[in-house]
Amino acid sequence: MAQRTVLFVLFDAVQSLDVTGPLEVFMGAEQHAPGTYRIRTASLDGAPVRTSSGLTLVPDQALDDPLDAHTLVVPGGHGTRTPDPALVRWLREHAPRAERLVSVCTGAILLAAAGLLDGRRATTHWAYCDKLARDHPDVEVDPDPIYVRDGHVATSAGVTSGIDLALALVEEDLGREVALGIARHLVVFLRRPGNQAQFSAQLAAQTAQREPLRDVQRWITEHPDTDLTVESLATRASLSPRHFARAFQTETGMTPGRYVDRVRLEHARRLLEDTADGIEEISRASGYGTPEAMRRAFVKALGAAPAEYRRRFRPAPAR
């Protein structure tokens, strides 16, 4: 396989993790399979940049230095709030030449400013999705997934989702085993699929203030296949069902039933994506009881039956 050049665009007030997270993934792949990737960093004039956290990054070169990038990575950060016109011009002129165009977090704002997301589906950090959609109406903004791929353009959500996207690209290039080795070294998930929500069930709901309710939240997550009726959960919290339901919603912002639904759906999705278990086995393990009950939940929440979901989102076999 020909060596691929991965070029990271640097600018003042860039988010350091948007750069170093994906960079570590590609560097790990290069160390695993030497000659696979050539990794470079560049700023407009080749001068050092100061990240939003105060860290100084020294680029390898200037953006105008000759270099054919296979994968161009545009990170986010505070520096995207008022995009540098010179950087936007450079992206408009040079970015279309890359075989893969990638943004991390609010790097999507720079791509949109350069007109590179017009007519495409894209995402960014949840806090900036409304701004992206408002400022660039020709972009189809999806605020839910951790990353979106539309043709050769891939956009990702906040910070660590750039690692997920980079792992997906490495898996596409070199196979699952290489990506798995890198994920193990970095102590992260092999790959959260791009369709996974930016907020898991546990993050979408607030953490309860009272310990009995926090224990119930943990119990639901760890035991989705058990009896999770309000009556059962109230007993575990040593509260009456009415008091429990009211307190749970007050402290988490979500009814117990809604929380259970999200946890079970998330658990089933993960099993469909990461295992070869049968639909019936997954439905039991996730607390649905029957494949038909799980099918109804999937169609209602995701618009696809479990089997179709697996076909669409399970990682492709290593090449």
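Side chains are part of it too, since the values below use all heavy atoms of this structure and drop only hydrogens, waters and symmetry mates.
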Task: Interatomic distance, Leu169 atom CG to Tyr147 atom OH [nearest 0.5 angstrom] - done: 8.0 Å
Task: Side chain Thr226, main chain His223, donor-acceptor under 3.5 Å - done: yes
- [ ] Test Leu272 against Phe298 for side-chain contact (heavy atoms from CB on, under 4.5 Å), laying out the working first.
- [x] CA-CA 12 Å; Leu272 288 168; Phe298 267 66; 3.5 Å; yes
- [ ] Check whether any side-chain heavy atom of Leu116 lies under 4.5 Å from a side-chain heavy atom of Val153, and answer yes or no.
- [x] no
- [ ] Side-chain contact test, heavy atoms from C-beta onward, threshold under 4.5 Å: evaluate it for Glu24 versus Ile163 and give yes or no.
- [x] no
TODO: From the options Val263, Val260, Asp261, select the one residue that forms a side-chain contact (heavy atoms from CB on, under 4.5 Å) with Leu228.
DONE: Val260
Task: salt bridge (charged side-chain N to carboxylate O under 4.0 Å, His left out) assessment of Glu280 paired with Arg284 - done: CA-CA 6 Å; Glu280 185 170 352; Arg284 290 197 304 269; 3.4 Å; yes
Open item on the list: Distance check, rounded to the nearest 0.5 Å: Leu23 atom CG versus Glu30 atom CD?
Closed with: 11.5 Å
TODO: Please report the closest heavy-atom contact between Leu44 and Ala86, naming both atoms and the distance.
DONE: CD1-CB, 3.9 Å
- [ ] May I ask you to test the Phe11-Ser43 pair for a side-chain heavy-atom distance under 4.5 Å?
- [x] no
Task: Any side-chain donor near an acceptor of the partner, Thr106 and Thr80, under 3.5 Å - done: yes
- [ ] Answer yes or no: is there a side-chain heavy-atom contact under 4.5 Å between Leu17 and Thr160?
- [x] no
Task: Side-chain heavy atoms of Ile282 within contact of Pro306, under 4.5 Å - done: no
Open item on the list: Among residues at least two apart in sequence or on other chains, which ones pass side-chain hydrogen bond (donor to acceptor under 3.5 Å, both in side chains) with Ser286?
Closed with: His267
Task: Side-chain heavy-atom pair Val104, Leu165 within 4.5 angstrom cut-off - done: no
Task: Verdict with reasoning, Asp64 to His94, per side-chain contact (heavy atoms from CB on, under 4.5 Å) - done: CA-CA 9 Å; Asp64 283 335; His94 295 276; 4.0 Å; yes
Task: Side chain to side chain, Arg258 and Gln249, heavy atoms closer than 4.5 Å - done: no
- [ ] Determine, stepwise, if the pair Val73 / Leu7 fulfils side-chain contact (heavy atoms from CB on, under 4.5 Å).
- [x] CA-CA 6 Å; Val73 182; Leu7 178 64; over 6 Å; no
Open item on the list: Could you tell me if the side chain of Thr51 sits less than 4.5 Å from the side chain of Thr56, heavy atoms only?
Closed with: no
Task: N-O pairing of Arg120 and Glu140 below 4.0 Å - done: no
Open item on the list: Under a 4.0 Å threshold between the charged nitrogen and the carboxylate oxygen, would Arg149 count as salt-bridged to Glu172?
Closed with: yes
TODO: Decide yes or no on salt bridge (charged side-chain N to carboxylate O under 4.0 Å, His left out) for Arg269 and Glu266, but give the supporting numbers first.
DONE: CA-CA 5 Å; Arg269 289 169 68 176; Glu266 188 174 306; over 6 Å; no
Task: Sole residue of Arg4, Arg100, Glu99, His152 in side-chain hydrogen bond (donor to acceptor under 3.5 Å, both in side chains) with Thr71 - done: Arg100
TODO: Report the distance from atom CG of Leu180 to atom NE2 of His32, rounding to the nearest 0.5 Å.
DONE: 9.5 Å
- [ ] Consider only side-chain heavy atoms of I, L, V, M, F, W and Y, link residues closer than 4.5 Å, and tell whether Val14 and Val88 are in one cluster.
- [x] no
Open item on the list: Applying salt bridge (charged side-chain N to carboxylate O under 4.0 Å, His left out) to Arg134 and Asp130, what does each step give before you reach the verdict?
Closed with: CA-CA 6 Å; Arg134 183 175 62 253; Asp130 286 346; 6.0 Å; no
Task: Under 3.5 Å side-chain donor-acceptor pair for Tyr37 and Asp173 - done: yes
Task: Same apolar cluster: Leu55 and Val9, side chain cutoff 4.5 Å - done: yes
TODO: Report the distance from atom CG of Leu117 to atom CG of Asp150, rounding to the nearest 0.5 Å.
DONE: 9.0 Å
TODO: Following the transitive rule for hydrophobic clusters with a side-chain heavy-atom cut-off under 4.5 Å over Ile, Leu, Val, Met, Phe, Trp and Tyr, establish whether Leu186 and Val170 coincide in one cluster.
DONE: yes
Task: Lys/Arg N to Asp/Glu carboxylate O, Asp12 vs Arg50, below 4.0 Å - done: no
Open item on the list: side-chain contact (heavy atoms from CB on, under 4.5 Å), that's the test. Do Arg262 and Met254 meet it? Break it down for me.
Closed with: CA-CA 10 Å; Arg262 288 200 174 197; Met254 191 177 294; 4.0 Å; yes
Open item on the list: Count I, L, V, M, F, W, Y as connected when their side-chain heavy atoms are under 4.5 Å apart, and connections chain through other members. Are Trp219 and Tyr259 then in the same cluster?
Closed with: yes
Open item on the list: The test is salt bridge (charged side-chain N to carboxylate O under 4.0 Å, His left out); show your working for Arg295 and Glu308 and say whether it passes.
Closed with: CA-CA 10 Å; Arg295 189 194 71 80; Glu308 174 62 20; over 6 Å; no
- [ ] Using side-chain contact (heavy atoms from CB on, under 4.5 Å) as the criterion, point out the one residue from Val6, Leu67, Asp65 that pairs with Arg40.
- [x] Leu67
Open item on the list: Would the distance check show the side chain of Thr229 and the main-chain N or O of Ser232 forming a donor-acceptor pair, the cut-off being under 3.5 Å?
Closed with: yes
Task: Interatomic spacing from CG in Asp142 to CZ in Arg121 - rounded to 0.5 Å - done: 4.5 Å
- [ ] Without swapping roles, check the side chain of Thr155 against the backbone of Thr123 for a donor-acceptor pair under 3.5 Å.
- [x] yes
- [ ] Determine whether more than 12 heavy atoms belonging to other residues, nucleotides or ligands lie under 6.0 Å from atom CG of Asp68.
- [x] no
TODO: Could you tell me which residues satisfy side-chain hydrogen bond (donor to acceptor under 3.5 Å, both in side chains) with Asp215, sequence neighbours excluded, listed by chain and number?
DONE: Arg218
- [ ] For Ser156 and Ser103, indicate whether the former's side chain and the latter's backbone hold a donor-acceptor pair under 3.5 Å.
- [x] yes
Task: Name of the residue among Val58, Leu57, Thr41 meeting side-chain contact (heavy atoms from CB on, under 4.5 Å) with Val49 - done: Leu57
- [ ] Could I get the full list of ring pair (Phe, Tyr, Trp, His ring centres under 6.0 Å) partners for His185, not counting sequence neighbours?
- [x] none
Task: Donor-acceptor pair, side chain of Thr221 and main chain of Gln217, under 3.5 angstrom - done: yes
Open item on the list: What's the separation between atom CG in Leu239 and atom CZ in Arg246, rounded to the nearest 0.5 Å?
Closed with: 10.0 Å
Task: Name of the residue among Thr5, Leu91, Val102 meeting side-chain contact (heavy atoms from CB on, under 4.5 Å) with Leu72 - done: Leu91
TODO: Check whether any side-chain N or O of Ser283 sits under 3.5 Å from a backbone N or O of Tyr288 as a donor-acceptor pair, and report yes or no.
DONE: no
Task: Gln3 side chain to Thr36 backbone, donor-acceptor under 3.5 Å - done: no
TODO: Determine yes or no for a side-chain-to-main-chain donor-acceptor pair under 3.5 angstrom, with Glu251 supplying the side chain and Leu213 the backbone.
DONE: no
- [ ] Look at the rings of Phe248 and Phe244 and say which category their plane angle falls in: under 30° parallel, 30 to 60° tilted, over 60° perpendicular.
- [x] tilted
